[in-house]
Structures are given as structure tokens and as C-alpha cells.
2 protein chains.
Amino acid sequence: MTDTARGTARRYGSRPTMKDVASRAGVGLKTVSRVVNGEPGVTPDTERRVQEAITALGFRRNDSARILRKGRTASIGLVLEDLADPFYGPLCRAVEEVARSHGALLINGSSAEDPAREQELVLALCARRVDGLVVIPAGDDHRYLEPEIAAGVATVFVDRPAGQVDADVVLSDNFGGAQDAVAHLIAHGHRRIGFVGDQPRIHTAMERLRGYRAAMAAAGLPVDESWVSLGATDPERVRSAATAMLDGPEPVTALFAGNNRVTVTVVRVLGERPQPVALVGFDDFELADLVRPAITVVAQDAARLGRTAAGLLFRRLDGIADPPRRVELPTRLIARGSGEIPPYEG
Amino acid sequence: MTDTARGTARRYGSRPTMKDVASRAGVGLKTVSRVVNGEPGVTPDTERRVQEAITALGFRRNDSARILRKGRTASIGLVLEDLADPFYGPLCRAVEEVARSHGALLINGSSAEDPAREQELVLALCARRVDGLVVIPAGDDHRYLEPEIAAGVATVFVDRPAGQVDADVVLSDNFGGAQDAVAHLIAHGHRRIGFVGDQPRIHTAMERLRGYRAAMAAAGLPVDESWVSLGATDPERVRSAATAMLDGPEPVTALFAGNNRVTVTVVRVLGERPQPVALVGFDDFELADLVRPAITVVAQDAARLGRTAAGLLFRRLDGIADPPRRVELPTRLIARGSGEIPPYEG
DNA sequence: CCCTCGATTGACAACGTTGTCTAGAGGCTA
DNA sequence: TAGCCTCTAGACAACGTTGTCAATCGAGGG
């Protein structure tokens, strides 16, 4: 296929290049480049001829080649746990908005809480030469990122700290939020309070557990180990864990649910029981105010987490190289009723 | 900076290339390429030397260059309305999973329901030479995509049909679902039913309106135009639209809410009124069963929409070139109570 | 009329990878 | 030992763009 032939009838699947545009417009390659990029030094007449050729051929600049040449991809990577989780949607969107305001695209992937998959995704993004990474860690050892960070891939961790790597991190005050939640229940007369949390290898789960224990200790209350469940995340296991606490030998009179999915399941479980049971959940969720009783929660601002992280990232990309920061965002207890239910002694 | 120097101490921000690995291992460039890609024809000893050099330098293949050379990016683009919307999270995740199973990454962006932004995003993705596109249209004219589609960018539209362009499309049965919803209300004795829908330029909004009218007509019921509200999407306007219908001269006794966000707002409005009002919402949402009364909805399977679309897309990428398909997925009426509330005559 | 200067334009190399092709080493057969 | 074949390995071009630099042209000044 000759260049002339390409200029008029191209094969399906192959796209015209600047060379094709150039030969059709009767100008040099570099002139096309100048027109495409709006660089000065092209007469209006030449520019018009080039524009016509561009339109006629349906030319669109190949950014792969541009990226290769320029060394910057104008894209950032986001690795999170699960896009379908309502907590991460707003976070992702917030990161996207910041990226957009800096002219960057967002490539993202879900780790499904699997460290191997997290690593695979992160390294795939590095191979694409994303300018920076926002990572919600699934694993607890990120040393595999060291060569990448050393090579200049700006990296910010969100929601959970990185393992074994010194980098920017943006967290919620999980410890303080959990303390507030449990203190709220204690203030309403509860002494036996259960905690249904996430996998123990997840940092937020342990921080929330720590907050739970601290609040209990601060009130001089003992914690029976049968009141603590970790790692039950699927609805069925959450259900049986909660039921065991409520019907056990030392029955709890209130529950603190460790994340939004756990809360939703616990709400269902409690709804089936004859007597009301107090509940505070970590993470706010839509309609929490419309369930009866309305659910008291410790709210994190997911969008703010994302915005803050992306902001830090672009700060790094702008060349600011001060030591890694650790930002902790406050949580907010939203009392809606379910936390004020007094203890019910069966 | 000499090649030797690069091999030992590289400048921050510049990464080693295959050339660096090759000179460090004392082999040719192509041999490194072979090792990196697991191609045969390398003796174990040579391979070991190359691997050592790779590890020592922290080499990672530059996929930008690879993409440029191979012509395939192994990435697909997804343009949707808003990632923070709980309807799109699962859809996005489903597309991602299909992409992953085909070894592709997902680049996505939110159009924020703005046609100009949709076009900007789509064309940016085309410039990146994504292999294919999944688009949830915001605009109604997609002729700007014609050169891209002609050039081989496989494109599938989801949730709403494309405008002026012949391409694969995956939809929910919005018309049928709306009919079901309204018929359900009619079956429970309602004769004056209001519809609070999305912007009229959105295809799904018009289809649902059409279903509403068809169901009313099928039951021989007149529709007072004060019962139809289109375009009120923000909570404040939905609130006043619903209130106007409920308190107007021809007050409605039931409401059909046109999408998940509208439904949530309407639930709030109804919760503040003394007497119960029947409601069916389009789109299911978490906790719809826990609100009192539990909300009857017409459910779409967002994940299935995404899976189906991505499946069609990869079919095209595998070279199957039959005429564009239009797939319509069924909706499901989930009766939970709010639709069975009988008419209350104030 | 010649020289200079600024503006416009294009030739060429480079970005880092992969596909093609060829060279060389070594083993086997006749 | 010659001839052939297989296997390993590297040289080189190409992908489509952008940065550098040099060439050309017209205008204006001496």
C-alpha cells in the first residue's frame, strides 16, 4: 500500500498519521505537528490546508507515540478495593475530578482485597508509565513499589497506610471515630457492647478495634472476647457472628459495626429480632436516616479522602519533594437514633 | 550521561531501558526483549544474566513503547455519567472484570451528564488508542465518533442508545419496566398517578414516561399534565415537584419515581407527610427493603448491563463483524410494600 | 543591488520497544 | 571432512510523535 493510497482509502483498522496528513496537504511532517499542537509559526493559509487534510482523513493524534516521545503520560492510576462498594465510588470520582483539573486521565482497577492482584495492577500501571498512583492498599507489604517510587512514580496511599514503604498517606481517624461510636453507646447505658469488624489484616479494622477497646477501657468496662468478631465480612458470617453475640452467655446489648457492609447486614439481623438493639455503624450510607430506627453512624468523608490524596499526588508531580506526609481526616458521629436505644435485658 | 553511568546510577525520574539492561548483562537488546516477554530461544545461562541485570536496575518494560510498536493498547475506555452514583459503580466494576479476563485495563471518566464533556473524554480515549469504548451517552449526537469507529475503535453503548450512529447497544427494558410499575399501582386502586422523571433529553427518561403513559392508557385512565414532572433532578426541585402533585388541584395518590436518586428524595418527602402515599421507584437500591414502608422498585441489573456490553465489545475486538446488535435486558418488579398502599383521599 | 534579519518550513534524530533477517556456533549425517 | 540443519543471538528498521537545527524566502536597510 503506497502512501498515496493510504491518503485516500485506508485499510480498516489502520489510522492516518501525521505523515499521511502532511502528504495530503503538501506540507512537511513537522508543520502538521505544529498545527495539531497549536504551535506558532504557521501561516493561516498553511494551517487551513492542514486542517482540511486532517478533517478529510479523520486524523487524530496518536497519544501513545506522543507519550513515548514526551515521557509524561498525563494519566494517573487508582487501585482500590471494589468500585461497586458505595464507599469507593465517591472517592474514585473525587480523584477523577482532581485529575481532570490537571489535564490527566484516570486508569483504575479493583484489587478485590487481594494483595497479589493489587501488586499485579499496580505494576501494570507502572509499566504504562502513569505519572502517579493513588493506592488503597490490600496488602501490607509494598516494598515491591520501591524501584518504582525511586524511578519517580509519585505514590499516595489512601484509607490505609502502606506497608514497609515511606510515602504520603491519607487516612480517616479510625481510632478516634471508633472511640466516639463506643463512647456514644456507653453514654446511653450500655456495658456489654459487641464489635463486628473486618479482616484483622486490614489496618482500618485494627484501628477501629483499638478504638473500641480504648473506649471500653476508658469507661472501666471489661471486654469479653466473645464480643469481638473479626474477619466475618460476607452477610452469612456477619449474621451468625452478630447472633452469637446477642444470644451468647454474656449477651451484648449494643453492637458497633465495623464498616458499611457489615452495618447493612446487622441492620437486617436486628430488624428480625423482637426487641430493639442499639447500633452504631462505621461509614455513613444513603438512607441511613430513613431506616427505622435511623442508624447512627461514624461518617468518613470519602470524597474528601480522594480529593486530599489526589491533591498530594499532584503536589508531588509538580516537583515538591518534602518528606512524606501523613494526613488524618476527622470522622463525624451522626446520631440518628439507633445509638440511643437503651439496654434491653432479655 | 554515558550508558555505563546510566547502568549504575541513574538520574531520579529516568528509568532504565532494555538497552541499559542489555549492556549491563553483556547481551544484545533483542535478547533482553526475549527474556522479558518469555520468548523461546534463550539459553538458561543467558536468561539468568539478563534477569539479574533486570533486578539490579529495577527495570520495568515501558508499555508506551510496546503499545506504539504493537498497535494494540490492551485497554478499553468507559465513559459514564457519574462514578459516585450507586447505579454505575457495579456497572463499571462488571466492565472491569470482563476487561481483566481479557487482559485489558480500564480507563474511565465521568461525563457529568454533559455532552461536551462526554465528547472530550471519548476523543481523549481515542487519542490514547484504546482498543474499544463502552459509552453511557450523555449527548444525543454521536456522529463525532464516526471516523473513530471507521478506524476500528469498537464501540458499545449502554443504558441509552447512541445518537445518529449505528453501533452495538445494550439497554434495559425501560418502557416495559415503567409499564409494570404503573400497572402495579393501578392494580392497587390508584387512578391519579404522578411521574417524576429525569431530563427529557435522556432516552431512558422518555422511555419510562412512554411506559407510564402506555400503562395509564391501557387502563383507560386520563393523564393530567400536572402529574408529569421532567428534568427535576436535584433534591430541591424533586421535592417541590412531588409536593405540587400531591397538593395540587388534582392530587395524585401514588408516585412513580424515574430513577434511584429521585426515588430517594421522594421517599424523604413522603416520610414527612401524615398519610402514606404509594410509591414505585425505577432502579433498586440498597436498603430499599429496610425503609418503612419498604420500597417497591423496578430493578435493573446494572452489573449485567456492564457485563453484556463488555462481552459484546470483546466479541468485536475478536474480529466478529456482524451488523450492530441491540440487546434489551428485562427489568424486574420487586414488590416490597410501598406500591401496595391503597389510595388515600385527603 | 547586496546583505541581514525574522518568519516560516522541513529534514532528521530520538523516545523504547518488537518483528525480521542474518550471522555464527555446534551437532549430525553422508 | 564437507554439507546441512538447528539453535542462539544480535543488527537493524519501524511504530508515530516531538525537539533541534538548518534551509529558504521575502522584506527592509545600507
Side-chain angles (χ1 to χ4, degrees), chain A residues 1 3 6-7 10-11 13-50 53-54 57-74 126-129 151-152, chain B residues 1 3 6-7 10-11 13-50 53-54 57-74 126-129 151-152:
Chain A
M1 186 181 278
D3 270 349
R6 284 191 78 185
R10 282 164 297 98
R11 196 173 64 257
S14 89
R15 306 201 53 150
T17 70
M18 286 190 177
K19 201 170 148 189
D20 300 320
V21 174
S23 72
R24 167 143 183 158
V27 301
L29 179 56
K30 179 66 207 199
T31 301
V32 177
S33 172
R34 275 191 267 261
V35 171
V36 168
N37 295 295
E39 289 169 26
V42 181
T43 58
D45 182 60
T46 309
E47 171 159 6
R48 187 187 45 73
R49 290 217 317 284
V50 172
I54 287 177
L57 296 177
F59 168 81
R60 185 165 312 284
R61 182 178 64 198
N62 183 331
D63 275 352
S64 293
R66 170 171 230 252
I67 285 166
L68 175 61
R69 186 61 232 251
K70 303 205 82 147
R72 278 272 158 138
T73 58
C126 289
R128 297 278 173 130
R129 295 294 188 271
Chain B
M1 186 181 274
D3 272 349
R6 281 193 80 186
R10 282 163 298 98
R11 195 173 64 258
S14 90
R15 306 202 54 150
T17 70
M18 286 192 178
K19 200 168 148 192
D20 301 321
V21 175
S23 70
R24 168 145 184 156
V27 301
L29 179 56
K30 180 67 210 200
T31 300
V32 177
S33 173
R34 274 191 267 262
V35 171
V36 168
N37 294 296
E39 288 170 27
V42 181
T43 58
D45 181 61
T46 309
E47 170 157 6
R48 189 186 45 73
R49 292 217 315 284
V50 172
I54 288 176
L57 296 178
F59 168 81
R60 184 165 313 285
R61 181 179 64 199
N62 184 331
D63 275 352
S64 293
R66 169 171 233 252
I67 285 166
L68 175 60
R69 185 62 232 252
K70 304 205 81 148
R72 279 268 158 145
T73 58
C126 288
R128 297 280 172 127
R129 294 294 188 268

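Please read these numbers as outputs of a predicted model, since none were measured by experiment. Residue numbering restarts at 1 for every chain, and letters A, B, ... go by the order of the sequence lines.
Phosphate proximity of dG19(C) to K70(B): present, with a side-chain N or O under 4.0 Å from OP1 or OP2. The phosphate of dT17(D) has neither OP1 nor OP2 within less than 4.0 Å of any side-chain N or O from S33(A). In this model, the phosphate group of dA9(D) is approached by a side-chain N or O of T46(B) to a distance below 4.0 Å at OP1 or OP2. The phosphate of dC15(D) has neither OP1 nor OP2 within less than 4.0 Å of any side-chain N or O from N62(A). For the pair T31(A) and dT9(C), the criterion of a side-chain N or O lying under 4.0 Å from OP1 or OP2 is not met. Of the side-chain N and O atoms in R61(A), one or more sit less than 4.0 angstrom from OP1 or OP2 of dT18(D). Using a 4.0 Å cut-off, no side-chain N or O of T43(B) falls inside it from OP1 or OP2 of dC7(D).
At a cut-off of 3.5 angstrom, the base of dG19(D) holds at least one donor-acceptor pair with the side chain of K30(A). Residue R69(A) places no side-chain atom within donor-acceptor reach of the base of dG16(C), judged by atom type and a 3.5 Å distance cut-off alone.
Per the geometry, CD belonging to E39(A) stands 11 Å off P belonging to dT20(D), to the nearest Å. Per the geometry, CG belonging to L68(A) stands 8 Å off C1' belonging to dT17(D), to the nearest Å. Between the CG atom of L29(B) and the P atom of dA14(D) there is a distance of 16 Å, given to the nearest Å. The separation between R66(B) atom CZ and dT17(D) atom C1' is 20 Å, rounded to whole Å. Distance CG (D20(A)) to P (dC15(D)): 10 Å, rounded to an integer number of Å. Here the C1' atom of nucleotide dT20(C) and the CG atom of N37(B) are 16 Å apart, to the nearest Å. With rounding to whole Å, M18(B) atom CE is found 16 Å from dA13(D) atom C1'. Atom CD1 in I54(A) sits about 16 Å away from atom P in dG16(D), given to the nearest Å.
Using a 4.0 Å heavy-atom distance criterion, V36(A) is classed as making no nucleic acid contact. Among the protein residues, I67(A) comes within range of no part of the nucleic acid, since none of its heavy atoms lies under 4.0 Å from any strand.
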Could you go through R72(B) and R129(B), starting from their C-alpha distance and side-chain angles, then the distance that decides it, and tell me whether this counts as side chain to side chain contact (heavy atoms under 4.5 Å, CB included)? CA-CA 8 Å; R72(B) 279 268 158 145; R129(B) 294 294 188 268; over 6 Å; no
Would you mind writing out the side-chain donor-acceptor pairs for residues 25-33 of chain B within the sub-3.5 Å range, not counting sequence neighbours?
none

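Of the two residues contacting DNA chain C, namely R34(B) and D63(B), the nearest-nucleotide position lying further toward the 5' end is that of D63(B). A residue-by-residue look at V42(B) and A65(B) shows that V42(B) has its nearest nucleotide of DNA chain D further toward the 5' end.
How far CZ of R69(A) is from CD1 of I67(A): 14.0 Å, rounded to the nearest 0.5 Å.
Only one option out of R66(A), R61(A), R60(A) pairs with V36(A) in a side-chain contact (heavy atoms from CB on, under 4.5 Å); it is R61(A).
Between R128(B) and N62(A), the side chains place no donor N or O within less than 3.5 Å of an acceptor N or O (distance only, hydrogens not considered).
Between the side chain of N37(B) and the main chain of R34(B), no donor-acceptor pair closer than 3.5 Å is present.
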